[in-house]
Amino acid sequence: MARPLTLLLVRHGQSEWNAAGLMQGQTAHVPLTELGHAQAAAAAAELVALRPGALVSSDLRRAVQTAEHCARATGLPVTTTPALREQGYGVLEGRPSRELWDVVDWMDPHWAAPGGESLAELHARVGAYLKALCADPPAEVVALVTHGDTIRAAQAVAAGLGPDAMPTVTPHNGTVTALELVL
């Protein structure tokens, strides 16, 4: 049996758009708030005790800023990849999230906003990345700095679940979720 790969899934700290209640998706330029930097520093301190051997981040600014805190704390270099981006919400990005409850079909894994990506597409993207990571892991414990929906997709992939059975609870900003992965 293959040895499990330990993933430490770090959700980025609070961003300006989290604080404003705006749909972020793959909008690249959104920075962390002061609270977000504090959350990122706390997650970084937690990572030190978990001893990751590699640090990989989404290439979106809020994740990269969080990963920079993790890099300073652990001494690891950061590698970025678009594979760890948040689910794309296309034309809905930048709109108030509260306005979207009646627009988005949250239960349909194949629904996507124009220019966006469905949960099924997110699940497939994350699954392909995790499969490649398992095939050639950079370390036995890898920290991945990413986003809420991406973490939920990784949890589903690790559990052998499809996009229709992704966990409904999104980890809070600045938290670390450990996951054992054997693919």
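Under the 4.5 Å side-chain criterion, counting only non-hydrogen atoms from C-beta, H12 is not in contact with V64. Looking at heavy atoms from C-beta onward, P109 lies out of side-chain contact with H123 at the 4.5 angstrom threshold. Counting only heavy atoms from C-beta outward, the side chains of R125 and E121 never approach each other to under 4.5 Å. For the pair M107 and D164, the minimum side-chain heavy-atom distance is 4.5 Å or more. Side-chain contact between L76 and P52 is present, with at least one heavy-atom pair separated by less than 4.5 Å. Counting heavy atoms from C-beta on, the side chains of E93 and Q24 never come closer than 4.5 Å. Looking only at side-chain heavy atoms (C-beta outward), V56 and V142 come within less than 4.5 Å of each other.
When the shell of 6.0 Å around CZ of R51 is examined, it contains 12 or fewer heavy atoms from other residues, nucleotides or ligands. Open room surrounds CD on E140; 12 or fewer heavy atoms of other groups in view lie less than 6.0 Å from it. Crowding of E34 atom CD: a count of heavy atoms from other residues, nucleotides or ligands under 6.0 Å not exceeding 12.
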Residue pair S58, H147: steps toward the side chain to side chain donor-acceptor pair (under 3.5 Å) verdict: CA-CA 8 Å; S58 156; H147 310 270; 2.8 Å; yes

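With sequence neighbours left out, T74 forms a side chain to side chain donor-acceptor pair (under 3.5 Å) with no residue at all. Looking at residues two or more places apart in sequence or on another chain, you find no salt bridge (charged side-chain N to carboxylate O under 4.0 Å, His left out) involving R11.
Pairing each heavy atom of L32 with each of G13, the nearest pair is CD2-O, 3.1 Å. Listed here is the closest heavy atom pair of V176 and L8: CG1-CB, 4.1 Å.
For Q87 (side chain) and E117 (main-chain N/O), a donor-acceptor pair under 3.5 Å exists by modelled atom type.
A salt bridge does not link R62 with E16: none of the charged nitrogens is closer than 4.0 Å to a carboxylate oxygen.
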